[in-house]
Amino acid sequence: MAAPSTATFLSFRSRGNALPQTRPSAVRFGSRYSLVSFSGLKEVTSVNCETESSFIGKESSTALRGSFALKARKANRGSRYGLQLVASYKVAILGAAGGIGQPLALLIKMSPLVSALNLYDIANVKGVAADLSHCNTPSQVLDFTGASELGDCLKGANVVVIPAGVPRKPGMTRDDLFNINANIVMTLVEAVADNCPDAFIHIISNPVNSTVPIAAEVLKQKGVYNPKKLFGVTTLDVVRANTFVAQKKNLKLIDVDVPVIGGHAGITILPLLSKTKPTVSFTDEEVEQLTVRIQNAGTEVVEAKAGAGSATLSMAYAAARFVESSLRALDGDGDVYECSFVQSDLTNLPFFASRIKLGRNGVEALIPSDLIGLSEYEDKTLEALKPELKASIEKGIAFVQKQPVTA
């Protein structure tokens, strides 16, 4: 039986920085449906699927309840024990020993939808896997070290997440990272093409505006490119936008949803504050201040860490949210929406970040309505970001075209 589309990371809350709860709480959908799952770190017989989950929006959660209730009713017809959650998906993290990879692996380990968690890096991954394997959640954790074991790590993967690469340091732009990270992404995506070409591919390695086009070109040269299954993870921009707006306007965080479009670097990041839900008014000064803060939030963290790292924890959190959304979509949830940098025809650019609907086959639909009725500020900012985003995309494409891809 396929795993039900339960609200994943079920015990997470968006009340400040609340820790995962270990206390089980029942869920009601008009009547009670019990299932076996993991809430926090404790196996329980009921799961909290409240709308206050920080990984899913209020509207998605409402739809999710209805979807899950229907599955539960169908399951109850044939079983006196109701619906049992079955972990069904294999996730591979490439770069799992790094600053993003380790907390990301922990968060994914907590997902009740994951049956196998494969961790790959060029070094130091064995200890990470051993540590995570002690957590009493369903997924089996395996470690893979070095190029010779990369293929085995990827075989049968449903979702591949790539946070591998060099992090930013003070004074370093995302573009400074290009030459190092471009080669890393190219090599890893070649392996994905050879071993699990049908997997959802999540690119985290910066600069995303260039590394996603690099991945696309590699997959094209390998003859396995499916634009619906290649994603640049821009979820952190949305997470930041939601957080900053909620703080600025004293709103309940779970109610806030700010779509973020464009790209994933500096001025290419455009939060559509005019599209904020719930509807809220901003002064021109607030719009500019919030936009600039969201665009420069990564630098804010780099400078605060004073050379000791970049935005690893918030990035891991955002990436885990996108992984979980992908798993829900693979599992048949019909109401999964996220922002992501994907192949797009919404503008004259070949890749563009916008809200998308996710389904079992990847990108089910782009959401063009977000780009209609923008404010004057957003219209101007959108046009201003296009040249830089275009140059970044072309730089990634040219990088692959100048180098042979192993057949």
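Computed from a prediction, not measured in an experiment: that's the story for all the values here. Excluded from the calculations below are hydrogen atoms, water molecules and symmetry mates; all remaining heavy atoms, backbone and side chain alike, are included. Positions are given from 1, in the same order as the sequence printed here.
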### Task
Salt-bridge test for R328 and D333: reply yes if a basic N is under 4.0 Å from a carboxylate O, no otherwise.
yes

### Task
Could you tell me whether the side chain of E364 and the main chain of K357 form a donor-acceptor pair under 3.5 Å?
no

### Query
Will you find, in the side chains of T137 and K109, an N or O donor that is under 3.5 Å from an N or O acceptor?
yes

### Query
Can you name the closest pair of heavy atoms from A246 and V256 and give their distance?
CB-CG2, 3.9 Å

### Query
Yes or no on side-chain contact (heavy atoms from CB on, under 4.5 Å) for V189 and I162, after CA distance, side-chain angles and deciding distance?
CA-CA 9 Å; V189 174; I162 305 180; 4.0 Å; yes

### Query
NZ of K380: more than 12 outside heavy atoms within 6.0 angstrom?
no

### Query
Between L94 and L154, is a side-chain contact (heavy atoms from CB on, under 4.5 Å) present by the stated rule, with each step listed?
CA-CA 9 Å; L94 310 185; L154 292 167; 4.0 Å; yes

### Message
When you compare the side chain of P163 with that of I93, does any pair of heavy atoms fall below 4.5 Å?
### Response
yes

### Message
Using modelled atom types and a 3.5 Å cut-off, is there a donor and acceptor pairing between side-chain atoms of S392 and backbone atoms of E388?
### Response
yes

### Message
Could you tell me if the side chain of V161 sits less than 4.5 Å from the side chain of I204, heavy atoms only?
### Response
yes

### Exercise: identify the closest heavy-atom pair between P259 and D370
CB-OD2, 3.9 Å

### Message
Is there a side-chain contact (heavy atoms from CB on, under 4.5 Å) between V128 and D121? Walk through the geometry before answering.
### Response
CA-CA 10 Å; V128 177; D121 217 315; over 6 Å; no

### Interatomic distance, H134 atom NE2 to L132 atom CG [nearest 0.5 angstrom]
9.5 Å

#### Entry: Gap separating the CG atom of L371 from the CG atom of L382, nearest 0.5 angstrom
6.0 Å

### Query
So, for Q403 and Q221, which heavy atoms are closest and what is the spacing to 0.1 Å?
O-OE1, 4.4 Å

### Task
Could you tell me whether E288 atom CD has more than 12 heavy atoms of other residues or ligands within 6.0 Å of it?
no

#### Entry: Shortest non-hydrogen contact between S314 and R240, atoms and distance
OG-NH2, 4.2 Å

### Task
Provide the closest heavy-atom pair for L188 versus A164 in the form atom of the first, atom of the second, distance.
CD1-CB, 3.7 Å

### Task
Not counting sequence neighbours, which residues clear side-chain hydrogen bond (donor to acceptor under 3.5 Å, both in side chains) with S375? List them please.
E378

### Query
With a 4.5 Å heavy-atom cut-off, do I180 and N183 have their side chains touching?
no

### V245 side chain reached by F282 side chain, heavy atoms, under 4.5 Å
yes

### Message
side-chain hydrogen bond (donor to acceptor under 3.5 Å, both in side chains) for T268 and N209? Distances and angles first, verdict last.
### Response
CA-CA 9 Å; T268 69; N209 293 351; 3.2 Å; yes

### Task
Would you check if the side chain of R360 reaches a backbone N or O of L330 as a donor-acceptor pair within less than 3.5 Å?
yes

### Query
So do L366 and F352 actually touch side chain to side chain, heavy atoms under 4.5 Å?
no

### Task
Give, for atom CG of N118 and atom CG of D143, the distance between the pair rounded to the nearest 0.5 Å.
9.5 Å

### Message
Give me the atom names and distance for the closest heavy-atom approach of C339 to T235.
### Response
O-OG1, 4.3 Å

### Summary
Value for CD (E383) from OG1 (T381), rounded to nearest 0.5 Å, stands at 10.0 Å

Give the table of side-chain donor-acceptor pairs shorter than 3.5 Å for residues 343-351, with sequence neighbours excluded, one pair per line with atom names and distance.
residue, atom, partner, partner atom, Å
Q343, OE1, Y225, OH, 2.7
S344, OG, L346, N, 3.1
T347, OG1, L349, N, 3.1

#### Entry: Heavy-atom side-chain proximity of F200 to L327 below 4.5 angstrom
no

#### Entry: Any H264 side-chain heavy atom under 4.5 Å of N206 side chain
yes

### Message
I'd like to know whether L273 forms a side-chain contact (heavy atoms from CB on, under 4.5 Å) with F244, so could you lay out the CA-CA distance, the side-chain angles of the two residues, the decisive distance to 0.1 Å, and finally the verdict.
### Response
CA-CA 11 Å; L273 297 172; F244 299 163; over 6 Å; no

### Message
What I'd like to find out is whether the side chain of F341 reaches to under 4.5 Å of the side chain of L389, using heavy atoms alone.
### Response
yes

### Message
How long is the straight-line distance from CZ of F178 back to OG of S210, given to the nearest 0.5 Å?
### Response
5.0 Å

### Task
Step through the shown structure and confirm whether more than 12 heavy atoms of other residues, nucleotides or ligands are within 6.0 Å of NZ on K305.
yes

### Message
Could you walk me through whether K90 and N158 satisfy the side-chain hydrogen bond (donor to acceptor under 3.5 Å, both in side chains) test, starting with their C-alpha distance in whole Å, then the side-chain angles of each, then the deciding distance to 0.1 Å, before giving a yes or no?
### Response
CA-CA 5 Å; K90 178 184 285 189; N158 302 106; over 6 Å; no

### Query
Just wondering, more than 12 heavy atoms not from K249 lying within 6.0 Å of its NZ?
yes

### Message
As an exercise, state the distance from CG of N226 to CG of D198, rounded to the nearest 0.5 Å.
### Response
8.0 Å

### Query
Does any N or O in the side chain of N195 come within less than 3.5 Å of the main-chain N or O of K155, such that one atom is a donor and the other an acceptor?
no

### Query
Quick check: are there more than 12 heavy atoms from other residues, nucleotides or ligands sitting under 6.0 Å from CD1 of I122?
no

#### Entry: Identified side-chain contact (heavy atoms from CB on, under 4.5 Å) counterpart of F231 within the set V212, V208, V363, V159
V363

